[in-house]
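I have placed the structure first, in the form of structure tokens, so that the comments after it can refer back to it.
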Amino acid sequence: MTPWLRGPRTWRDRVGSVLLYGTCLLFALPVYWMLVLSMSRPDQAAAVSPPLVPTTPWRNFDAVLTAQDWPRYFTNTIVVALSITLLATLTSCLAAYALVNVRLPAKRILFGIVIAAFVVPSELSFVPNFAVLRTAGLLNTYWALIVPFMASPLGIFIMRQRFLSLPRELWEVAYVEGCSHLRYLFTIALPSSRSAVAATALISFIAGWNLFEWPLIFTTDEAVRPVQVALSYFNNVDAGSSPTILAAAGVLVTAPVLTVYLLARRQVTAAMTGDAPEERSAAR
């Protein structure tokens with residue numbers, strides 16, 4: 001039932017709404033400020049009363065696009081992010097299904113290792129991964145940016161929780177009918193878990209899009225480096241001390257991943273809250 005059909009709102013409802021919308025505004029304000037700066041003049045950004053609405057829409061973006069080979073950097077980022085998304089989502093689904101429906105020795109220990117990998121800082125793996133990739137001859141290639149992220153501990157956790165919520169009777173009936181594990185996974189379990197799959201894919205895509213330290217260390221060839229490294233170089237060399245030019249570059253890099261999130265936000269919300277009526281109907 002919608003809130004306005006529940007009767008008069010109490011003071012707790014009003015305070016909760018104020019806190020909710022205030023928090024949303026607090027998180028949205030930096031994004032809006034970056035957008036305004038990207039469409040302002042440098043003297044306006046340094047003024048005592050900076051503008052609250054854009055004044056010069058495209059001039060800063062023209063300066064950004066002509067400063068570097070952005071199409072190449074965006075191509076590198078799209079290749080890396082999509083590859084990580086596809087591989088991490090696939091491995092998350094397979095691993096989570098095995099942890100739920102396949103008889104494995106020490107399943108709880110294996111799941112504990114997954115959780116441990118999630119909480120351990122990624123920086124601790126830089127040295128061993130660098131040694132492995134150098135031995136394999138994968139440095140300065142796309143594979144150096146893709147292979148270490150082919151598995152997502154958070155994705156495994158999300159998919160495992162979703163598979164645990166599926167009725168056990170589904171697998172028992174499918175098994176009696178001669179259904180294999182892979183067939184059950186791809187024809188019943190995954191269609192009934194679309195929101196969890198979408199959340200896993202989105203998390204993996206954002207992680208792949210935002211890679212910075214990893215490509216900065218594992219690659220030296222500009223032909224394979226992503227936009228985050230290009231943005232850092234742009235800040236140090238091309239943008240100089242101009243906050244408006246740097247803000248325009250930030251908008252250019254942030255807009256694609258923000259668009260993807262806005263398109264998938266309903267599926268992600270459904271996965272996190274467990275409210276997915278279309279999946280419940282598919283499970284039936």
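Everything quoted here is computed from the prediction, not taken from an experiment.
- The cluster map of Ile, Leu, Val, Met, Phe, Trp and Tyr, joined by side-chain heavy atoms under 4.5 Å apart, puts W209 and W143 in different clusters.
- In the model, Y73 has a side-chain atom that pairs as donor or acceptor with a side-chain atom of E222 under 3.5 Å.
- For the pair T219/L139, no side-chain contact is recorded, criterion being any heavy-atom separation below 4.5 Å from C-beta on.
- P71 and T75 make their closest contact through O-OG1, 2.7 Å (heavy atoms, listed as atom of the first residue, atom of the second, distance).
- Atoms CD1 and CG, from I156 and L154 in turn, are 9.5 Å apart once rounded to the nearest 0.5 Å.
- Using a 4.5 Å cut-off on side-chain heavy atoms (C-beta onward), L185 and L94 make contact.
- Summarising the geometry of C93 relative to F163, their closest heavy-atom pair is O-CE1, 3.6 Å, with the distance given to 0.1 Å.
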- Task: Start with the C-alpha distance between L216 and E213, add both sets of side-chain angles, then the distance that settles side-chain contact (heavy atoms from CB on, under 4.5 Å), and finish with yes or no.
- Result: CA-CA 5 Å; L216 191 64; E213 292 181 345; 5.5 Å; no
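- Other residues, nucleotides and ligands place no more than 12 heavy atoms under 6.0 Å from the CD1 atom of I109.
- When each of I78, T85, I84 is checked for a side chain to side chain contact (heavy atoms under 4.5 Å, CB included) with F205, only T85 meets the rule.
- Atom OG1 of T77 and atom CD of Q228 lie 7.0 Å apart (nearest 0.5 Å).
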* Intermediate values then yes/no, side-chain contact (heavy atoms from CB on, under 4.5 Å), Y142 and N76 -> CA-CA 8 Å; Y142 285 133; N76 296 338; 2.5 Å; yes
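- Side-chain atoms of T89 never come within 3.5 Å of backbone atoms of L86 as a donor-acceptor pair (strictly under, hydrogens ignored).
- When all heavy atoms of F118 and P153 are compared, the closest pair comes out as CB-CB, 3.7 Å.
- The closest donor-acceptor contact from the side chain of W33 to the backbone of A28 lies at 3.5 Å or more, if one exists at all.
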Report task. Start with the C-alpha gap between V260 and L263, add the side-chain angles, then the distance that decides, and say whether side-chain contact (heavy atoms from CB on, under 4.5 Å) holds. Result -> CA-CA 5 Å; V260 171; L263 292 175; 5.7 Å; no
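- No side-chain donor-acceptor contact under 3.5 Å links S38 to the backbone of A247.
- No side-chain donor-acceptor contact under 3.5 Å links T254 to the backbone of V251.
- Summarising the geometry, atom OG belonging to S193 is positioned 11.0 Å from atom CD1 belonging to I188; distances are rounded to the nearest 0.5 Å.
- For the atom pair CG (L190) and CG (L166), the distance works out to 9.5 Å, reported to the nearest 0.5 Å.
- No side-chain donor-acceptor contact under 3.5 Å links R183 to the backbone of S180.
- The aromatic rings of F218 and W214 sit parallel, their planes meeting at an angle under 30°, below the 60° perpendicular limit.
- Under the 4.5 Å side-chain heavy-atom criterion for grouping Ile, Leu, Val, Met, Phe, Trp and Tyr, Y184 is connected to F186 within one hydrophobic cluster.
- Closest heavy-atom contact between I245 and A63: CD1-CB, 3.8 Å.
- In R168, the CZ atom is crowded: over 12 heavy atoms of neighbouring residues, nucleotides or ligands sit closer than 6.0 Å.
- V102 approaches K107 most closely through the heavy-atom pair O-NZ, 3.1 Å.
- Residue F61 comes nearest to A248 through the heavy atom pair CE2-O, 3.5 Å, listed as atom of the first residue, atom of the second, then distance.
- When the side chains of ILVMFWY residues are joined at heavy-atom separations under 4.5 Å, either directly or via intervening members, F27 and I203 end up in two distinct hydrophobic clusters.
- A side-chain donor-acceptor contact under 3.5 Å links S165 and R162.
- The backbone N or O of Y97 sits nowhere less than 3.5 Å from a side-chain atom of N101 that would complete a donor-acceptor pair.
- Under the 4.5 Å side-chain contact rule for hydrophobic residues, M159 and L164 share a cluster.
- Judged purely by atom type and a 3.5 angstrom limit, N140 uses its side chain to pair as donor or acceptor with the backbone of T220.
- At distances below 3.5 Å, not a single donor-acceptor pair connects side-chain atoms of R225 with backbone N or O atoms of A230.
- Contact annotation: the side chain of F157 approaches that of I115 to within less than 4.5 Å [non-hydrogen atoms, C-beta and beyond].
- Within 6.0 Å of the CH2 atom in W70, the count of heavy atoms belonging to other residues, nucleotides or ligands exceeds 12.
- Cluster annotation: V79 is not connected to V227 through the hydrophobic network of ILVMFWY side chains, with a link wherever side-chain heavy atoms come within less than 4.5 Å.
- With rounding to the nearest 0.5 angstrom, the CG atom of L246 is 10.5 Å from the CG atom of N60.
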Check the pair L124, V120 against side-chain contact (heavy atoms from CB on, under 4.5 Å), reporting the backbone distance first and the verdict last. CA-CA 8 Å; L124 295 179; V120 171; 3.6 Å; yes
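- Other residues, nucleotides and ligands place more than 12 heavy atoms under 6.0 Å from the CZ atom of F212.
- Annotation: side chain of L252 is in contact with side chain of F74 (closest heavy-atom distance under 4.5 Å).
- Geometrically, R160 engages F111 in a cation-pi contact, judged by NZ or CZ lying under 6.0 Å from the ring centre and within 45° of the ring axis.
- Note that OG of S204 and CG of L82 are 11.5 Å apart. Values are rounded to the nearest 0.5 Å.
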